[in-house]
Structure formats: structure tokens, C-alpha cells
Amino acid sequence: MQRQYLVLIILLCFSNFLIGQRSIEKTLEKLNEESIPYITVAELQQQDSLIILDTRELKEYEVSHLKNAIWVGYDNYDAHKLKLQDKNQKIVVYCSIGVRSENIGEKLLANGYSNVQNLYGGIFKWIEEDLPVYDSEENRTENIHVFSKYWGKLLTKGNKIIN
């Protein structure tokens, strides 16, 4: 009886690792305030005449990015370098899953841009929908820079790159 009880306790202790797998959804719920409205991958695919900003670091962008995305960075992001004529222009920001892009989206709003959305799940959700991403030479690739080992656990498709 005690042995069965001990096995049960051990299983309960490890159940968090077995059942409580990390997910993009749970990570966003925990880390984001939803201060920037989300746009889904499906919604973004149906949009025309918008500006897509990649808010990851340059090394991440060079591994892969969405077609026609403009790299703006994160650590060294400077809103004054972004010279968009129409501050009402629709802008979609993205990063790996949507955490850093929310922060840049807040900075855009603070600088007078009024129509900013955050790509829910970022480039990870994009690649999970089997949509194309492009490397620094604009060739289609399956490589995705995962930012860190922690974030890499959230990506279920593509070739994980960490450098």
C-alpha cells in the first residue's frame, strides 16, 4: 500500500512535466497584456495594403521572415527611424510568438501610430500553418530562429535555429 502511495506521489510530481507542456497560447496569456489587438495568421493572409514590421533582432530576421516584412529590431528599436507617411496606415508587428512585438506595438502607439495589430503567435504560428518564410536572400526556407531554447520548445514545425 505504501509503495503504491509513493508511486502515486511521484507520478503527481511529474505530471506537470507530462501534462503541463508549454504552449504559445499559455505563454501569451502569461506574458502579454493584450495592449495591442491581435490579428490571426488567417486574418493577416486576407489583408492588403498594410505594413508588416519584424520586431526581432537582425540575426533572427536574416534566418527567416515574412514576405515584405520590414525589420525594425527590438533592443535597438528607434521609432524616429520609422518614417511612415500615414500614421493611420495599418501596421502589423510580429516576433517569435508575439511578446516582443507587443512591446514595440506599444511604442508605435505612443509615437502616434493609430492602427497597430500584433500577429498572434508570431512567426511560429505562421510556420505552423505551413506558410512561407524567407531568408536574407529572399529564398524560401524552413529555418526559424527560435530566440532561445525556451522559445524553441514552443515551435512544432520548421528547422530550429539558435545562434
Side-chain angles (χ1 to χ4, degrees), residues 12-47 50-82 84 87 89-134 141-163:
L12 287 173
C13 290
F14 286 101
S15 67
N16 188 37
F17 295 108
L18 299 173
I19 299 168
Q21 292 293 319
R22 292 183 182 103
S23 71
I24 290 173
E25 293 77 13
K26 287 181 181 180
T27 304
L28 288 174
E29 284 177 19
K30 183 177 181 179
L31 298 177
N32 276 10
E33 296 176 9
E34 294 187 42
S35 57
I36 305 300
Y38 287 121
I39 183 171
T40 66
V41 168
E43 291 168 334
L44 179 56
Q45 286 183 279
Q46 298 173 1
Q47 300 290 318
L50 54 80
I51 294 172
I52 300 173
L53 302 180
D54 188 311
T55 66
R56 300 172 301 152
E57 294 305 318
L58 186 58
K59 67 182 179 180
E60 296 171 84
Y61 175 84
E62 288 176 340
V63 169
S64 61
H65 55 269
L66 278 71
K67 185 86 168 168
N68 300 319
I70 300 168
W71 176 76
V72 296
Y74 183 75
D75 287 336
N76 296 314
Y77 170 77
D78 183 356
H80 300 294
K81 290 182 181 177
L82 188 63
L84 302 178
K87 289 204 171 187
Q89 169 76 40
K90 185 169 193 170
I91 299 171
V92 173
V93 291
Y94 79 92
C95 63
S96 298
I97 67 166
V99 175
R100 291 177 287 170
S101 52
E102 181 178 76
N103 295 335
I104 298 299
E106 291 170 350
K107 291 179 181 185
L108 287 164
L109 288 178
N111 282 283
Y113 294 95
S114 62
N115 195 358
V116 181
Q117 291 182 295
N118 187 10
L119 181 59
Y120 185 86
I123 197 169
F124 286 14
K125 279 285 189 190
W126 187 267
I127 199 76
E128 287 176 2
E129 295 293 327
D130 296 315
L131 296 169
V133 294
Y134 300 89
T141 185
E142 294 296 316
N143 295 338
I144 302 292
H145 196 292
V146 293
F147 182 66
S148 70
K149 287 182 181 182
Y150 174 84
W151 294 123
K153 293 175 184 178
L154 301 174
L155 183 67
T156 60
K157 289 188 178 179
N159 303 322
K160 298 176 184 183
I161 307 294
I162 299 176
N163 62 352

Does a side-chain heavy-atom distance below 4.5 Å link [X] with [Y]?
| X | Y | answer |
| --- | --- | --- |
| N115 | I91 | no |
| L82 | N111 | no |
| L108 | L53 | yes |

Do Y94 and D54 pair up side chain to side chain, a donor and an acceptor below 3.5 Å, judged on atom types alone?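 Result is yes, a qualifying pair exists.
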
Suppose we screen for ring pair (Phe, Tyr, Trp, His ring centres under 6.0 Å). Which residues come up paired with Y38, at least two apart in sequence or across chains? Y120

Once ring pair (Phe, Tyr, Trp, His ring centres under 6.0 Å) is applied, do any residues pair with H65, and if so which ones, sequence neighbours excluded?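 In terms of ring pair (Phe, Tyr, Trp, His ring centres under 6.0 Å), with neighbours along the sequence ignored, H65 is linked to Y61.
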
Verify the neighbour count for atom CD of E142: are there more than 12 heavy atoms of other residues, nucleotides or ligands below 6.0 Å? no

If you draw a 6.0 Å radius around CD in Q45, do more than 12 non-hydrogen atoms from other residues or ligands fall strictly inside?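 Enclosed: over 12 neighbouring heavy atoms sit under 6.0 Å from CD of Q45.
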
Quick one: salt bridge (Lys or Arg N to Asp or Glu O under 4.0 Å) pairs with a partner in residues 120-134, sequence neighbours left out? E25-K125, D130-K157

According to the salt bridge (Lys or Arg N to Asp or Glu O under 4.0 Å) rule, which pairs have a member within residues 89-102, sequence neighbours left out? E60-R100

CD1 of I52 to CD of Q47: how many Å apart, nearest 0.5 Å? 9.5 Å

Residue list, side chain to side chain donor-acceptor pair (under 3.5 Å) with Y74, at least two apart or on another chain: N103

Salt bridge (charged side-chain N to carboxylate O under 4.0 Å, His left out) with D75: which residues, sequence neighbours excluded? none

